Amino acid sequence: MGCDLTSEHTQTHHIQCYEHGGETVIPNLASLCEPCHRGLHQHDHRIDTPPDGRPRIRPPTQPSGREPSTASATARSP
């Protein structure tokens, strides 16, 4: 599930949490629709930014240390 919302219909999320020193600068921000933003916080997902620069929502690491498959939702960098 990817979102095609324009920036005025999204919420800004700090990739590195603001409370943990994440800065409010473009490389540390991602635009998320409200359901994805809420789910990110409720389910302890995180955002990774691969070399192509398009942030991806990733599920939390499983207790075994293995990562589950990548979530299909994507975040957009503002």
Side-chain angles (χ1 to χ4, degrees):
M1 164 179 87
C3 297
D4 293 325
L5 297 175
T6 58
S7 60
E8 57 268 359
H9 295 104
T10 61
Q11 300 172 350
T12 303
H13 172 78
H14 287 84
I15 296 170
Q16 179 185 2
C17 205
Y18 182 80
E19 292 82 11
H20 298 136
E23 297 182 66
T24 304
V25 294
I26 297 294
N28 191 44
L29 301 174
S31 294
L32 301 170
C33 68
E34 193 275 330
C36 288
H37 196 197
R38 184 178 59 244
L40 186 87
H41 288 283
Q42 288 178 344
H43 302 292
D44 201 28
H45 287 68
R46 68 178 196 277
I47 295 181
D48 287 337
T49 306
D52 69 4
R54 186 176 172 91
R56 303 279 192 278
I57 296 174
R58 307 257 324 175
T61 303
Q62 295 179 338
S64 67
R66 289 190 3 228
E67 296 215 5
S69 62
T70 303
S72 58
T74 59
R76 295 182 326 157
S77 186

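Bear in mind that the values here come from a model prediction, so they are computed numbers and not experimental data. Note that the numbering runs from 1 along the sequence shown for the chain.
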Which atoms form the tightest heavy-atom contact between L32 and I47, and what is the distance? CD1-CD1, 4.3 Å
For the atom pair OG1 (T49) and CZ (R56), what is the distance rounded to the nearest 0.5 Å? 9.5 Å
Interatomic distance, D44 atom CG to Q42 atom CD [nearest 0.5 angstrom]: 11.5 Å
Test of ring centre spacing under 6.0 Å for H14 and H20: no
Just wondering, do Q11 and R38 contact through their side chains at under 4.5 Å, heavy atoms? no
In terms of heavy-atom contacts, does CD of E23 have more than 12 from other residues, nucleotides or ligands at under 6.0 Å? no
Any non-hydrogen side-chain atom of H45 less than 4.5 Å from a side-chain atom of P60? yes
Out of curiosity, C17 SG to H41 NE2, how far, rounded to the nearest 0.5 Å? 7.0 Å
Rounded to the nearest 0.5 Å, what separates atom CZ in R46 from atom CD1 in I15? 12.0 Å
How close do Q16 and N28 get, heavy atom to heavy atom, and via which atoms? N-OD1, 2.7 Å
